[in-house]
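To keep things clear, I will list the structure first and then write my remarks on it.
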2 protein chains.
Amino acid sequence: MARKPRASSAPGQRVTLKQISEESGLPIMTVSRALRGLRGEVSEATQRAVLAVAERLGYRPNMLVRAIQTGHSMNIGVVLPPIATFSYELLRGVHDELARHDYLPIVHWQQSDKAIDATDERVGELEVIHHLLDRRVDGVIFLPADDLVFDLHVREVWKRDIPLVAVDRYLRKSGADFVGTDDAMGARLAAEHLLSLGHRRIATIAGEERIGPFADRRHVFVETVKAAGGTCTVVEVGKPLMPRLGQLASELLTMKPRPTAVFLAADHYAPEFLAVARTFDLSIPRDLSVIGFADLEMASYMTPPLTTIRQHPYLIGQEAARLVMRRCRGETDTKPVELRLKPELVVRSSTTVPPKH
Amino acid sequence: MARKPRASSAPGQRVTLKQISEESGLPIMTVSRALRGLRGEVSEATQRAVLAVAERLGYRPNMLVRAIQTGHSMNIGVVLPPIATFSYELLRGVHDELARHDYLPIVHWQQSDKAIDATDERVGELEVIHHLLDRRVDGVIFLPADDLVFDLHVREVWKRDIPLVAVDRYLRKSGADFVGTDDAMGARLAAEHLLSLGHRRIATIAGEERIGPFADRRHVFVETVKAAGGTCTVVEVGKPLMPRLGQLASELLTMKPRPTAVFLAADHYAPEFLAVARTFDLSIPRDLSVIGFADLEMASYMTPPLTTIRQHPYLIGQEAARLVMRRCRGETDTKPVELRLKPELVVRSSTTVPPKH
DNA sequence: TTGAAAGCGCTAACAT
DNA sequence: ATGTTAGCGCTTTCAA
């Protein structure tokens, strides 16, 4: 019996293989092969004919359908934390590399408010990865904000045999691939820079120990300073960042004797720290040298311009993208890959020789 | 005859409706209805049973398949220019609002290198929109970098009866929906701020006239100044920005009599402009007031902190997302919507009363 | 090199 | 409230 044609409200009447088939008199299968350019499976004449009709009709392949057929959606899920770290550059790196190979990223930020709303926090958290998985992404690039939550996500992803690459923050236990910065090297560069200027009484405002990169930066920095015969005072700033940071900065600057140099585990701390230093009438870098970590855009605009350790978020994104795509093709061995890009020292005006008195 | 099961390399053996159907003894259709929570079409008992099995099996819907069925992929394409304007905040606004309604953005930056590589520039440009269209996005949010290219994209999108919302840059002819900043109001705020401080001999470094927002900022600023009995020198900086900007700044600062205040059409110009002013031994704001437009993050970190006009990229993104989604549901009339968010004046330390002599 | 048939996993449309 | 059937637009499989 006659059924109504599917509505779908398509006045533009989507062009399908069937239409090309009818127009050209060739069977659908031939059209499909020609359009995909399957060499050796279709004669040149046929191919040209098909291509011509397709072009005339303005045909565009339906990747949704193709995806359910081939198992490849050509989309990569990207999970980012709610805070804006260096995510934008990272994302661009991911995107550019993916796009070069006909993949595209589906971005999903973790929303802080959602987790709070949910009665069971974990349910809310998994929503993010499920939204991606439901769209049948071929792989996932993940910048973990919280280690515990990350584990849940990884499990959920691996259950489906989909590759997952962690970026920026490494989680030892997870066994996932990782691309990030060589934080140890960065910390060493920072320490050596200060040491070479002559500093020996040094301090660091460290990030939370439980966060991988912060742990590395702290330990390597302290060790390097100590190995050179210096002393290093460590204060840790956690969350919430803002009231605590000012307080810690004050404590550090009232120490007697006061350190001659401070290593900030992140550039983010710099504006507040410099503000506090100003209230102590300290001139940077004359009275106190300050070095950061990240090389955020603002580092170069601060007063004074901040000496810091430059990370390479764009390149990290690129490498992460390459890695997932390789995994999608099953080109790599089963051992988890761990890639750490070398950071570099950027000397600006916030560091100099220690004051002499 | 027995066929091989589709490979697809699925050791995790994807869970499908059929499996739930078999496990529960209920027909697939009932399972489908239960899972979608179609109220009134399924008994509570059945629903509970289905949900339990689905949960146990770890079922997740396949949105690809659902999309070809319903015509809704629940994905919105987002096209961004290669330059990093305020895109990140905008993107987050778009994302958050979409995610709240189970949509997700598929982001595609236009790549500058691709266009150059392609023999026919237009082909390269259309690739971006095709990548999105091939994935059957339900709508597109577009931040146009180039007007001519944009027109081609719009045509391509509309051919498929898909809603398109332009953000930030408005293109009169296109007839597309638009969400952006009220540039006229911003320019007026800037002018009135300088006028109220007492400035009358004013200049502006304007952006390219052919770019909508820049045209608005320039004209309204000039008119407002003139209406108050002031004079306004206009210099336009195009592409490439960098060598030209320094030169124009020099010209402006050697004028006699020198303007007492300058309106920069974009915060981006500020670092270079301030650098040039410094070479002229001008103290900002004592000798010269400077006001920008955008309120980029760096504005607050500059020396001196820049007075500027704050835009609301996050909110613009949100509104754009709301608009596409409404269009996707066909909830709006056919007239193109034009939404301009009000910017606000942020007074910092780069503006003050004019020098008297 | 080409063709016919059988799905992919799901939902809309029509029964009952 | 629950079944049944026919697709969605494509690719894979198998046969010619």
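First the proteins, then the strands, lettered A, B, ... as listed; each starts at 1.
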Examine C/dT1: is either OP1 or OP2 under 4.0 Å from a nitrogen or oxygen in the side chain of A/T46? Give yes or no.
-> no

Donor-acceptor pair (no angle test) under 3.5 Å: A/R136 side chain, C/dG9 base | no

Can you tell me how far P of D/dT11 sits from CE of A/M63, to the nearest Å?
-> 11 Å

Which nucleotide sits closest to the side chain of B/I68: D/dC8, C/dT11, D/dG9?
-> D/dC8

Which of the following nucleotides, C/dT2, D/dT2, C/dA4, is nearest to the side chain of A/S43?
-> C/dT2

May I ask you to test the B/V50-B/Y59 pair for a side-chain heavy-atom distance under 4.5 Å?
-> no

Looking only at side-chain atoms of B/N62, point me to the closest of C/dG7, D/dT2, C/dC10.
-> C/dC10

Sorted by position of nearest nucleotide on DNA chain D, 5' first, the leading residue of A/K18 and B/E41 is B/E41

Take the protein atom CG of A/L26 and the nucleotide atom C1' of C/dT1, then report the distance between them rounded to whole Å.
-> 12 Å

Would you kindly give the CE-to-C1' distance between B/M29 and C/dA15, to the nearest whole Å?
-> 13 Å

If each of A/Y59 and B/P27 is mapped to the nucleotide of DNA chain D with the nearest heavy atom, which maps nearer the 5' terminus, i.e. the 5' end?
-> B/P27

Ion pair check, A/E23 and A/R56, cut-off under 4.0 Å | yes

Would you please confirm or rule out a distance under 4.0 Å between OP1 or OP2 of D/dT11 and any side-chain N or O of A/S32?
-> yes

Protein-nucleotide distance (B/Q47, atom CD; D/dT2, atom C1'), rounded to Å = 14 Å

Does A/R36 have a side-chain nitrogen or oxygen under 4.0 Å from the phosphate oxygens OP1 or OP2 of D/dT12?
-> yes

B/R66 side chain near C/dT11 phosphate (N/O to OP1/OP2, under 4.0 Å) = yes

Counting side-chain heavy atoms from C-beta on, which of C/dA12, D/dG9, D/dT2 comes nearest to B/R33?
-> D/dT2

A/L17 CG to C/dG3 C1', in whole Å, measures 15 Å

Of the non-hydrogen atoms in A/S21 and A/V31, which two are nearest, and what is the gap between them?
-> CA-CG2, 3.9 Å

How close or far is atom P of D/dG9 from atom CD of A/E22, stated in whole angstroms?
-> 12 Å

Please state whether the phosphate of C/dA12, meaning OP1 or OP2, lies under 4.0 angstrom from any side-chain nitrogen or oxygen of B/T70.
-> no

Do B/H108 and B/H131 meet the criterion of a side-chain donor-acceptor pair at a distance under 3.5 Å?
-> no

When the distance from CZ of A/R14 to C1' of D/dG7 is rounded to whole Å, what number comes out?
-> 17 Å

Check the distance between C/dG9's C1' and A/D134's CG and give it to me in whole angstrom.
-> 14 Å

Report yes if the distance between the aromatic ring centroids of B/Y88 and A/W109 is under 6.0 Å, otherwise no.
-> yes

